[in-house]
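Note on naming: letters A, B, ... go to the chains in the order of the sequence lines (proteins, then strands), and numbering restarts at 1 for each one. From a predicted model like this one, the values you see are computed outputs, not experimental measurements.
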Protein chains: 2
Amino acid sequence: MRNIQDSELLEKYLEEFQINRMFHQSKQLPYHMQQYHSGEIIRFEGMEMNSLLFLVNGKARITSSIETGKALLLRFIYPLSVIGDIELIRDVPVQSQVQAVDECLVIGIPFDYIKKYEIDNPRLLHMLLEHVSFKLQTCTTASRVNLLASVENKFASYLMSTLSPDADNEFGIELQTSSVKEIASLLGTTYRHLNRVIASLIEQGIIERQKNSIQILNWKELEKAANGIRYK
Amino acid sequence: MRNIQDSELLEKYLEEFQINRMFHQSKQLPYHMQQYHSGEIIRFEGMEMNSLLFLVNGKARITSSIETGKALLLRFIYPLSVIGDIELIRDVPVQSQVQAVDECLVIGIPFDYIKKYEIDNPRLLHMLLEHVSFKLQTCTTASRVNLLASVENKFASYLMSTLSPDADNEFGIELQTSSVKEIASLLGTTYRHLNRVIASLIEQGIIERQKNSIQILNWKELEKAANGIRYK
DNA sequence: TAATGAAAAGGACATATGTCCCAAAAAAGG
DNA sequence: CCTTTTTTGGGACATATGTCCTTTTCATTA
């Protein structure tokens with residue numbers, strides 16, 4: 001992690017994502033800016049959190065683990081995403097680990113400042129509510145699909161949700177990855193078993209594996225395998 | 001469902017749960033009040049929603065289903081709970097079904113009114129944020145535990161989270177039920193398989209089945225079976 | 001008190017899935 | 001270009017779990 005002292009860069013992103021518009025602007029806000037390398041942990045699970053963060057550049061992966069060491073990949077995030085909303089509102093430690101997938105830049109503003117000067121600002125509260133509501137809606141969807149559908153069902157739904165041309169779907173974008181390992185982690189299964197399912201779908205002539213991706217050969221049959229289920 | 005026209009009763013609950021304090025009080029708010037029988041559906045999945053609802057009496061179960069007909073029991077709710085927060089903020093149809101467990105009373109206020117007069121009210125926004133944040137935090141927990149742990153792990157964790165005397169835990173209270181059928185639905189498994197797990201824990205001398213509940217005989221061994229995992 | 005119906009529990013079987021480890025393929029480095 | 005390391009994919013085995021249906025137990029009614 002590196003602190004970035006570059007007021008022009010800061011200004012650029014505050015303007016690009018209209019972060020300033022969420023806060024009262026009567027005075028200079030105590031923003032800080034940090035850069036994280038690919039693979040670096042932005043926030044560890046269980047740690048105390050002190051700032052509300054905005055991801056303004058790069059891509060990060062959000063994971064949640066249990067005491068046995070297994071982890072579920074919840075989603076990927078892109079600009080503009082908020083990190084620390086639950087921690088601000090509920091005053092709890094970091095709930096899910098945030099890890100940079102490529103180089104990331106985050107802008108932060110201290111919880112103390114927000115609580116002292118901005119906690120009743122409707123624009124901020126609206127922004128937080130919209131982000132948290134989206135996360136709850138999609139978390140509930142993933143929860144039920146991941147638990148109630150078979151791995152073949154889930155994988156077919158995943159492909160329909162992320163690759164289908166009519167998938168104009170925010171959650172599908174957050175789940176998109178071409179790594180079989182990461183897809184397994186998103187669906188809560190093992191790499192081995194997902195490979196069995198992929199092999200089975202290839203054998204049925206529904207998909208074909210390419211160098212770095214999966215190609216759909218039969219959308220109709222894939223839709224049947226998905227049972228109409230979508231991640232959205 | 002029956003509409004209740006009883007301004008004294010309405011006043012009583014508005015006062016008891018301080019619902020009035022969340023809104024501007026410069027004029028009479030267009031509250032409506034409905035009563036639902038045990039087993040009656042308060043809100044169906046997929047339906048359009050027009051009012052923000054407060055559960056002020058009774059208990060209701062929240063479930064979420066997939067297109068194959070299987071359903072996951074997300075939680076039980078008690079007064080004071082909010083129904084329709086996601087639907088208000090994100091302008092989407094009902095995401096999860098709400099069904100009365102016993103006789104329920106809800107007070108509603110139309111979305112149109114909220115959007116016209118109260119949408120920037122910090123007290124309302126705070127109340128909504130707190131409820132939605134709690135739901136997201138607990139949904140994420142349930143999501144990862146339910147997917148990554150075995151049914152025996154999950155059931156032991158469930159017992160530790162709901163029956164343990166030091167379980168001073170809001171989510172544990174929302175998950176509490178003595179019905180094996182409902183516990184199976186909460187954990188995303190079948191009634192048959194949960195009974196195997198219960199039989200196994202009885203055989204290990206960890207629990208014993210009573211007339212209408214489960215008794216813990218060995219907290220230490222149960223904690224081991226739970227692997228330190230909790231629903232909270 | 002006995003019969004009937006409903007609810008709860010279990011047997012049998014098949015499939016899905018996890019685990020462990022080995023083999024093959026691809027990528028990286030000298 | 002060859003060797004080594006890393007990544008990807010699959011074999012084998014065991015266990016977990018779902019499905020279907022039967023049996024047992026409990027509750028209700030006559």
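Counting to the nearest Å, the P atom of dG10(C) and the CD atom of Glu203(B) are 11 Å from each other.
Among residues two or more places apart in sequence or in another chain, the side-chain hydrogen bond (donor to acceptor under 3.5 Å, both in side chains) test is passed with Tyr191(B) by Asn195(B). In terms of the side-chain hydrogen bond (donor to acceptor under 3.5 Å, both in side chains) criterion, Asp6(B) has no residue partners (sequence neighbours excluded). Residues passing the side-chain hydrogen bond (donor to acceptor under 3.5 Å, both in side chains) test with Tyr231(A) are Asn146(A), sequence neighbours excluded. In terms of the side-chain hydrogen bond (donor to acceptor under 3.5 Å, both in side chains) criterion, residue partners of Ser65(A) (sequence neighbours excluded) are, by chain and number, Glu45(A).
For the helix from dT1(C)-dA30(D) to dG30(C)-dC1(D), the terminal axes (five pairs an end, C1' atoms, rotation from four pairs onto the next four) enclose an angle of 30°, given to 10 degrees.
No hydrogens or angles considered: a donor-acceptor pair under 3.5 Å links the side chains of Gln137(A) and Gln95(B).
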Can you name the atoms? Protein N/O to nucleotides 25-29 of chain C N/O, anything below 3.5 Å, with the distance.
none

Are any protein N/O atoms closer than 3.5 Å to N/O atoms in nucleotides 10-12 of chain D? If there are, list each pair with its distance.
{"from": "dG10(D)", "atom 1": "N7", "to": "Arg192(A)", "atom 2": "NE", "distance (Å)": "3.4"}
{"from": "dG11(D)", "atom 1": "N7", "to": "Arg192(A)", "atom 2": "NE", "distance (Å)": "3.4"}
{"from": "dG11(D)", "atom 1": "N7", "to": "Arg192(A)", "atom 2": "NH2", "distance (Å)": "2.8"}
{"from": "dG11(D)", "atom 1": "O6", "to": "Arg192(A)", "atom 2": "NE", "distance (Å)": "2.8"}
{"from": "dA12(D)", "atom 1": "N6", "to": "Arg196(A)", "atom 2": "NH2", "distance (Å)": "3.0"}

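Only Ser150(A), Val151(A), listed by number, bring a heavy atom of residues 140-155 of chain A to less than 4.0 angstrom from any atom of DNA chain C.
Sorted by first and then second residue, the salt bridge (charged side-chain N to carboxylate O under 4.0 Å, His left out) pairs with a member in residues 137-164 of chain A form an empty list; sequence neighbours excluded. Residue pairs meeting the salt bridge (charged side-chain N to carboxylate O under 4.0 Å, His left out) criterion with at least one partner in residues 92-109 of chain A, sequence neighbours excluded, do not occur; the list is empty. Contacts classified as salt bridge (charged side-chain N to carboxylate O under 4.0 Å, His left out) and involving residues 58-86 of chain A (residues at least two apart or in different chains) are given here: Arg61(A)-Glu182(A), Arg75(A)-Glu174(A), Asp85(A)-Lys135(A).
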Using atom types as modelled, flag every donor-acceptor pair under 3.5 Å from a side chain in residues 48-57 of chain B to any protein atom, sequence neighbours excluded.
{"from": "Ser51(B)", "atom 1": "OG", "to": "His32(B)", "atom 2": "NE2", "distance (Å)": "2.9"}

